[in-house]
Structure formats: structure tokens, C-alpha cells
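Worksheet: one structure, shown below.
First listed ligand is number 1; within each ligand, the first listed atom is number 1.
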Amino acid sequence: MKKLNNYIGGDFINPFSDNYIENINPATGEVFSLVADSDENDINLAVEAAKAAFPKWSSADANFRSKWLLKLANYIENNLEKFAQAETKDNGKPISLSRSIDIPRAIQNLSFFATAILHDKEEAFHTSENVLNYTLRQPLGVVGCISPWNLPLYLFTWKIAPALASGNCVIAKPSELTPYTAYLLSEACQAINFPDGVLNIIHGYGHRAGASIVAHPDIKAISFTGGTQTGKTIASVAAPMFKKLSLELGGKNATIIFADSDLEDAVHTAVRAAFTNQGQICLCGSRILIEDSIYEEFKAKFVEKVKTLKLGDPTDKNTDQGATVSKVHQDKVLSYIELAKQEGGQLLTGGQKVDSEKLPERCKNGFFIEPTVIENLPAYCRTNQEEIFGAVTTLIPFENENEAIEFANSTPYGLSASVWTQNLSKAHRVAAKLETGIVWINSWLLRDLRTPFGGTKQSGVGREGGYEALHFFTEEKNVCVKF
Ligand code: NAD
């Protein structure tokens, strides 16, 4: 069986432990590859390789680094189908999503930061006639990037691209649940002769390989995307070491539908926002707040639309809903549906594992859940406060603008919101009052990579995207010259 080994200093290397983790296809339940179970010894080796590569990579001019990142982007583009198939097999997401979102966005991440560095600038301040201040932005050294399973290559490249572009050498770890496209990226590096040691890809569990990255004294910054609890653990180790930290964490996002919204568009987009990637996107709208006067009409249209989602084999190009990422996660999502019922929730559609009789033969042991819509739950119950991160959404009526804002802001999270109204003043007013890092008006998941991306409250610390990401990976130095 294929072994996914670590990529260190330009070579594929077995983990010191010689142990491997089984990698399961969530659509079939079958083990299809083995992932290196790395520990601190592997991280130490990778850090040494990265330190050796740093002087040349960091001192090269921006064009040099840009050229290498663009080569990597081109390689993926030329092998898009191979990457897309691997992403779907590893994660269970529909192939249409891997082809149209995940892999194209990974390519875009690399090319975006490869070209952004060609346009970045440092500031100068002419303080007085004979005093000039300027700012130097210098790479940090070796940095750690740790990413989750829901958008594997998309989020992996979203971190490593700005880190590399700004002159750092990287130790990167994908999720142990979805390591395959990161492994293919290491093959891409070898195929194009990407400079050795600049990007090192380590596989393994979070509590072992991930924790060793966070605790390594020579790793200067940690860029992490994942769960809020993991973010807390990472911060508790990295903060006392005074590492730079970027934390992109969980969400419990509201889709707010006012009575004056374009209902057809709102229903269509609210379904996408709730169920894309089986609801496993940190930005998914898992609470739909609906103004009283259109509640019944919206509900009927919404549920009807959800029932048309085509669930099945993720490799089928017509599938809308694939498999949940793992058995453990499937159980977690199902346990939240049980909780919702205990809390008085009423199921409008879905609510259970997909009957294996309804699945194609090869998917009978896969981890499928019916897209689930629940109503009749108070805004402050656990189902409406905790992140489920699956194909489950709730419908909650509200009386007026103030109540909509109160409900939307009521959770510990603050990642994103989507607001639906044709009243421009109301849209701006509500957007300003929402305690989230991102607000979409009459849209969802429309992304411009130049904008700051991140959350407030327990959704994270710091911003990714644009120059924010490039600057996170640099240390600013003020140079003051008297002449
Ligand atoms: P997770 O926190 O379990 O794991 C994320 C990564 O961290 C994995 O690579 C894992 O191996 C590693 N890890 C786990 N424990 C670690 C530790 N102690 N030290 C270092 N690394 C460790 O998250 P997940 O289940 O993979 O992803 C789902 C979560 O990610 C959800 O909460 C979701 O909202 C969040 N997420 C947030 C964003 C965002 O941009 N805000 C984007 C995607 C996903």
C-alpha cells in the first residue's frame, strides 16, 4: 500500500518511529494509503533542513521566490485532475467541488502571493530635514503551518504561499485525515526541483507531530487553522515562547434573511451556505435567522430545495453531497442531531445516516449523513451555540433588526455572517453591528484574496489574506537615520 512519507530537505524520508496511520476513503470506508506517524525527531530533522536553506532563500530577491512559487502553481494546474481526484478520495467531497474550488484555489493561492511580493513595499518617513525613518520587513526564519481536513490543499497553500513568498522556510503539516494532496505537493516540489529544505512537509497526528512543531524553539511563528480547542492548546504553548501566532478557528455563522430580501436568491444561497462540502466549511451558515413575516414561506422553499440535493458517490460529477470526513466526525454530527431533538428541535428533513440501500455498492460502508434542517429551537440552546461542522442547519425566526443582531452575535464565535435585504441602509447598519470578521451582503463565500480574512472572539486571532498574511510572516524593523 502507498506510504505517504515526510518530505524533508528535498527527499522523501520514513518517519523515525517507522509507524504509519491508516488513511481511509470516507466514501467507502476503505484504507487506501498509509501516512507517516511523525514525532519530534522528524520535526528536528525538518527544522535543520529548513535552517540550512534559509540564508539563500531569504536573501534571494523577490523575483526568484516568485518564479518558484509560480512554477509550483503551474505544476498543479497541469495536473489539476490528479489533484482533484486525490482530494475527493481523501476527504469525501464531491469531485465537482474539488475541480472547481479546492484545487483551482490552491493554484490561485500560490500565484496570488507569488505576484503580491512583486508589488509589496516598505514605508519611509521623512521626519525632519536630516532624519529619515524607514521600515524593513524581514522574514522570520523557520515557520510552522498547520492546517485542517475540510479544505485540505486550499488551506495548506493559503498558509505556505505567503510564508514562502516573504522569504521564510516552512515546516508544514496537513491534517492526518487528508494528507494526500499535501503529499502530491511534495512530489510536485521534487518534480520541478524546488530548492531543497525551503518547504518541508511532515505528516502525522496533531498531538504528536503538530505539537512538536508548536513547541520547537527554532520555529518562530505558527500559522494554524483548525478547531477552537486546538487553538487554545497551541496558544498555551506558543504564547509563553513569544512566537508569532495566527489562529483561524471555528465558526457558528448566521445567515440573516430579512423580509425584504430577494427570496429566490436568498433560498438558493442559504442552501449553498449551509450544505456546501457537507456543511464542513468554517464559513458555513449553520443558523438561518428569518424575519417572522416570511418565516413559513422561506421554510417551505428552503426545505424543498434541500430535498433536491443529490447525495451519493463523491466521484460522480453530478453529486452535490458527498461523505462526511470520518466515522468519528459522522458520529459527532449525528450526536448533535440527537441533542437537537432532546432540546425540542423538530426535524424538517434529514436527521440520520444515509440508508446504505440508497447508496451505490462501493459506498455502502461510507460515512454519509442526510442534509438536515431543524426548527423550533431557541437561539441560546446548545445546538444553536456550539459548532457542529456538518450537514445540519437550524431555522430561527426573529421579530426585528435588533433581535436578528442579538441572535447573530449570541455565540462565542465570530467568523462570518451573510445578510439578506434589499435595503442598502439596513445592510450597512447591520454589517457594522455584527461581531464577525467577515460579512457578506446578499452573497456568501465571494472571496477576494486581497481582503483580510479571519474571525473575532473564539473564531481566532489575526487575519490572513493579502498583505496581512505577507506581513504576518515578517518582522518589522524601524531604521532611523540622521544624516
Ligand atoms: P483540528 O483542530 O482537530 O486539527 C487541525 C490541525 O491541527 C490538524 O492538522 C491536526 O493534526 C492539528 N493538531 C491537532 N492537535 C494539535 C496540537 N495539539 N498541536 C498542534 N497541532 C494539532 O481541526 P479539524 O478537525 O482538522 O478542522 C475542523 C475545524 O477547523 C473546525 O472547527 C473548523 O471551523 C475549523 N476551520 C477554521 C477555518 C478558519 O479559517 N477559521 C477554516 C477551516 C476550518
Side-chain angles (χ1 to χ4, degrees), residues 21 23 26 35-40 43 90-91 93 101-102 105 109 144-160 171-179 182 201-216 219 222-238 243 245-253 276-286 324-326 328-330 332-333 336 386-390 411-416 436-438 445 447 452-465 468-469:
I21 306 163
N23 188 23
V35 193
D37 178 0
S38 310
D39 59 28
E40 64 173 324
I43 303 301
D90 229 10
N91 175 277
K93 66 177 66 213
I101 306 274
D102 288 79
R105 176 58 194 274
N109 288 339
C145 297
I146 302 175
S147 57
W149 50 258
N150 64 322
L151 301 165
L153 193 65
Y154 173 136
L155 290 174
F156 195 68
T157 49
W158 182 232
K159 296 185 174 305
I160 63 175
I171 314 294
K173 192 193 91 61
S175 168
E176 62 278 19
L177 294 174
T178 53
I201 298 178
I202 305 291
H203 298 279
Y205 289 117
H207 66 269
R208 198 160 24 243
S212 303
I213 294 174
V214 176
H216 197 293
I219 294 183
I222 301 293
S223 172
F224 169 78
T225 298
T228 294
Q229 200 47 51
T230 314
K232 277 186 197 168
T233 307
I234 288 176
S236 73
V237 176
K243 296 189 181 205
L245 259 182
S246 166
L247 301 173
E248 298 293 341
L249 310 176
K252 186 74 177 176
N253 314 299
T276 300
N277 208 33
Q278 296 74 250
Q280 302 168 134
I281 299 182
C282 54
L283 305 161
C284 273
S286 53
T324 306
V325 73
S326 66
V328 171
H329 195 57
Q330 183 191 36
K332 178 189 158 188
V333 176
Y336 267 104
E386 297 176 15
E387 185 185 44
I388 301 173
F389 211 55
T411 79
Y413 297 102
L415 190 52
S416 72
T436 58
I438 303 151
L445 206 58
R447 292 279 296 119
F453 176 91
T456 65
K457 302 195 282 186
Q458 292 193 21
S459 289
V461 178
R463 293 292 180 270
E464 295 186 322
E468 314 261 344

May I ask you to identify, for [X], whether its side chain, its backbone, both or neither come under 4.0 Å of ligand 1 on a heavy-atom basis?
{"X": "Gln229", "value": "neither"}
{"X": "Thr225", "value": "both"}
{"X": "Ala209", "value": "neither"}
{"X": "Leu283", "value": "neither"}

> CG/Asn109 to CD/Glu464 distance, rounded to the nearest 0.5 angstrom?
Replying inline: 9.5 Å

>> Rounded at 0.5 Å granularity, tell me how far CH2 in Trp149 sits from CZ in Phe389.
In response: 4.5 Å

Quick test: of every protein heavy atom, which one is nearest to [atom], and how far off is it to 0.1 Å?
{"atom": "atom 41 (N) of ligand 1", "value": "Leu249 O, 2.7 Å"}
{"atom": "atom 28 (C) of ligand 1", "value": "Phe389 CE2, 3.6 Å"}
{"atom": "atom 20 (C) of ligand 1", "value": "Gly210 C, 3.2 Å"}
{"atom": "atom 27 (O) of ligand 1", "value": "Pro148 CB, 3.3 Å"}
{"atom": "atom 7 (O) of ligand 1", "value": "Phe224 CE1, 3.1 Å"}

Do [X] and [Y] touch side chain to side chain, with heavy atoms closer than 4.5 Å?
{"X": "Val214", "Y": "Ile146", "value": "yes"}
{"X": "Asp90", "Y": "Pro152", "value": "no"}
{"X": "Ile202", "Y": "Ile43", "value": "yes"}

Any sub-3.5 Å donor-acceptor pair from [X]'s side-chain atoms to [Y]'s backbone N or O?
{"X": "Asp102", "Y": "Leu151", "answer": "no"}
{"X": "Asn23", "Y": "Val35", "answer": "no"}
{"X": "Lys252", "Y": "Glu387", "answer": "no"}
{"X": "Gln280", "Y": "Val325", "answer": "yes"}
{"X": "Thr456", "Y": "Gly414", "answer": "yes"}
{"X": "Lys173", "Y": "Gly204", "answer": "yes"}

> Quick one: does Pro174 get within less than 4.0 Å of ligand 1, heavy atoms only?
Replying inline: yes

> Does ligand 1 have any atom that is closer than 4.0 Å to a heavy atom of Ser175?
Replying inline: yes

>> Can you give me the closest heavy-atom contact between Asn253 and Cys284, atom names plus distance?
In response: ND2-O, 2.9 Å

> What closest approach, in Å, do Ser459 and Gly251 show between heavy atoms, and which atom pair accounts for it?
Replying inline: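 What the structure gives for the nearest pair is OG-CA, 4.1 Å.
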
[X]: numbered ligand 1 atoms lying under 4.0 Å from its heavy atoms:
{"X": "Asn150", "result": "43 (C), 44 (C)"}
{"X": "Leu155", "result": "42 (C), 43 (C)"}
{"X": "Cys282", "result": "34 (O), 36 (N), 37 (C), 38 (C), 39 (C), 40 (O), 41 (N), 42 (C), 43 (C), 44 (C)"}
{"X": "Leu415", "result": "41 (N)"}
{"X": "Trp149", "result": "24 (P), 25 (O), 26 (O), 27 (O)"}
{"X": "Phe453", "result": "40 (O)"}
{"X": "Thr230", "result": "1 (P), 2 (O), 3 (O), 13 (N), 14 (C), 15 (N), 16 (C), 17 (C), 22 (C)"}
{"X": "Ile146", "result": "6 (C), 7 (O), 9 (O), 12 (C), 20 (C), 21 (N)"}

Checking the N or O distance criterion of under 3.5 Å, is ligand 1 in contact with [X]?
{"X": "Glu387", "answer": "yes"}
{"X": "Gly206", "answer": "yes"}
{"X": "Thr233", "answer": "no"}
{"X": "Thr228", "answer": "no"}

> Of the listed options (Cys145, Ser459, Gly227), which comes nearest to atom 29 (C) of ligand 1 when hydrogens are ignored and any heavy atom counts?
Replying inline: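 Among Cys145, Ser459, Gly227, the closest heavy atom to atom 29 (C) of ligand 1 comes from Gly227.
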
> Who's closest to atom 8 (C) of ligand 1 heavy-atom-wise, of Gly226, Ser147, Gly250?
Replying inline: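 Ranked by closest heavy atom to atom 8 (C) of ligand 1, first place is Ser147.
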
>> In the complex you have, is atom 4 (O) of ligand 1 within reach of the protein, judged by whether a heavy-atom distance drops under 4.0 Å?
In response: no

>> If we count only N and O atoms by modelled type, under 3.5 Å, do the side chains of Asn150 and Asn277 hold a donor and an acceptor together?
In response: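 Distance-only check fails for Asn150 and Asn277.
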
>> Using side-chain hydrogen bond (donor to acceptor under 3.5 Å, both in side chains), reason through Ser147 and Lys159 one step at a time and then give a plain yes or no.
In response: CA-CA 8 Å; Ser147 57; Lys159 296 185 174 305; over 6 Å; no

